[in-house]
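Here the structure is laid out as structure tokens; the discussion comes afterwards.
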Amino acid sequence: MPRLTPKKNPQIKMYVLPLIRSANRYMAENKLFTLCVFVVNLAFMLVFKSLDGGIANPLSIIWAVAYYIFWCAFYRYYYHLKPYILSRTLLGSMAPSSKALVLMFAVVLIIAFLPMLPLFLGFNDVYLNYYERYMAAIENLSDPQEIGTSFIDILVVYGMMSLLAPHLICKPYLAWISSLRGHNASFRKAGNKTKGNYLSFVIISAMLLFPQALGDKLDHLFGLRFWLSYTVSTVIFVYTNIIFAKMYDLFYLKH
């Protein structure tokens, strides 16, 4: 009797331009829905901007919960899954999202503190100067009012984030979307399905991350009080979620 071998899933290739065209087509065909998502997302951003102390404000917890539910409802609506706000689905989706946050926090700590190692190894003042610039760029990501960081340094940090994003953000995000649909939320499954597309994920991540860096810099240059940055963030984040919905369609639904 011949030995049975498990059937291997065919490797799916993600091409950047067709993915972008697909996202753009969805927005063109669903103008009213897309506009409503933009408006609500902007309202969330403005509410957060009005909170004294930002994330340190206890009210930010209520904001974060409401914002999380909003994006859960977005994907439920996108996939025509009623009811759009389902408590069991929301609770189930918290497992992959919590794991992703823990993973991201750990990696951010490594990114922030690993460059300290050469200091303990006795490297000279040249490296110390580089390290101070590096830390200033890291701090700029969490404190947009930091104005002493050069644009090049900020681009380097965003470039590092783009290189890490395929494993740190993209695959966990796809697993989270799967959980919202009541399906397998395994990070490993997301990794298997997206295997061989690292470069495409990096390109997509860079396209979504670098406009934020540019918006922050223009805010500083022209004294726009971060209105441009908030507008860019709102547009980019909505577009990001539509892109990820199309990624999920490609890797989980079409094959």
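As a basis for the values below, the full set of heavy atoms in this structure was taken, side chains included, without hydrogen atoms, waters or symmetry mates.
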message = For a side chain to side chain contact (heavy atoms under 4.5 Å, CB included) check, start with the C-alpha distance between Trp63 and Asn57, then their side-chain angles and the critical distance, and finish with the verdict.
response = CA-CA 10 Å; Trp63 178 90; Asn57 191 319; over 6 Å; no
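Under the 4.5 Å side-chain contact rule for hydrophobic residues, Leu250 and Leu253 share a cluster. Ile242 and Tyr68 end up in the same hydrophobic cluster when Ile, Leu, Val, Met, Phe, Trp and Tyr side chains are linked at under 4.5 Å. Residues Leu59 and Phe44 share a hydrophobic cluster, clusters being chains of Ile/Leu/Val/Met/Phe/Trp/Tyr side chains in contact below 4.5 Å. Both Val47 and Ile62 sit in one connected hydrophobic cluster of ILVMFWY residues. Membership requires side-chain heavy atoms under 4.5 Å apart, directly or through other members.
Donor-acceptor pairing under 3.5 Å is lacking for the side chains of Tyr248 and Lys193.
Nearest heavy atoms, His167 versus Pro172: O-CD, 3.4 Å. What you find for Leu209 and Ser162 is that their closest heavy atoms are CD1-OG, 3.6 Å. For the residue pair Ala175 and Ser186, the shortest heavy atom distance occurs at CB-O, 3.9 Å. Across Ser60 and Phe48, no two heavy atoms sit closer than the pair CB-CE1, 4.4 Å. Nearest heavy atoms, Met247 versus Met14: CG-SD, 3.9 Å.
Here the two rings, on Phe38 and Phe33, have centers that are 6.0 Å apart or farther. Separation of the Phe237 and Trp71 ring centroids falls under the 6.0 Å cut-off.
When hydrophobic residues (I, L, V, M, F, W, Y) are linked wherever their side-chain heavy atoms come within less than 4.5 Å, the members clustered with Leu163 are Tyr198, Val202.
Residues Tyr78 and Lys246 are in side-chain contact: their nearest non-hydrogen atoms beyond the backbone lie under 4.5 Å apart. The side-chain heavy atoms of Phe244 and Cys170, taken from C-beta on, include a pair separated by under 4.5 Å. Contact of the Ser205 side chain with the Met161 side chain is not registered, since no non-hydrogen atoms from C-beta on lie closer than 4.5 Å. Looking only at side-chain heavy atoms (C-beta outward), Tyr252 and Ile177 stay at 4.5 Å or farther from each other. No side-chain heavy atom of Ile204 sits less than 4.5 Å from a side-chain heavy atom of Ser200. Using a 4.5 Å heavy-atom cutoff, the side chains of Met27 and Val238 are not in contact.
Considering OH of Tyr84 and SG of Cys72, their distance stands at 15.0 Å, rounded to 0.5 Å. Thr234 OG1 to Met45 CE: the interatomic distance, rounded to the nearest 0.5 Å, is 6.0 Å. In this structure, Leu19 CG and Phe201 CZ are separated by 9.0 Å, a value rounded to the nearest 0.5 Å. Taken to the nearest 0.5 Å, the CG atom of Leu208 stands 9.5 Å off from the CD1 atom of Ile169.
Remark: side-chain polar atoms of Thr240 are paired, donor with acceptor, to backbone N or O of Ile236 under 3.5 angstrom.
Applying the side chain to side chain donor-acceptor pair (under 3.5 Å) test to pairs two or more places apart or on separate chains, those with a residue in residues 24-41 are Asn24-Tyr239, Asn41-Tyr67.
Seen from the ring of Tyr79, Arg181 counts as a face-on cation partner, given the 6.0 Å and 45° thresholds. Both the sub-6.0 Å distance and the 45° axial angle are not jointly satisfied by Lys171 relative to the ring of Phe187.
Ring geometry, Tyr173 versus Tyr75: the interplanar angle exceeds 60°, so the pair is classed perpendicular (tilted spans 30 to 60°).
Each of Asn197, Leu199, Ile203 was compared with Val16 under the side-chain contact (heavy atoms from CB on, under 4.5 Å) criterion, and only Ile203 meets it.
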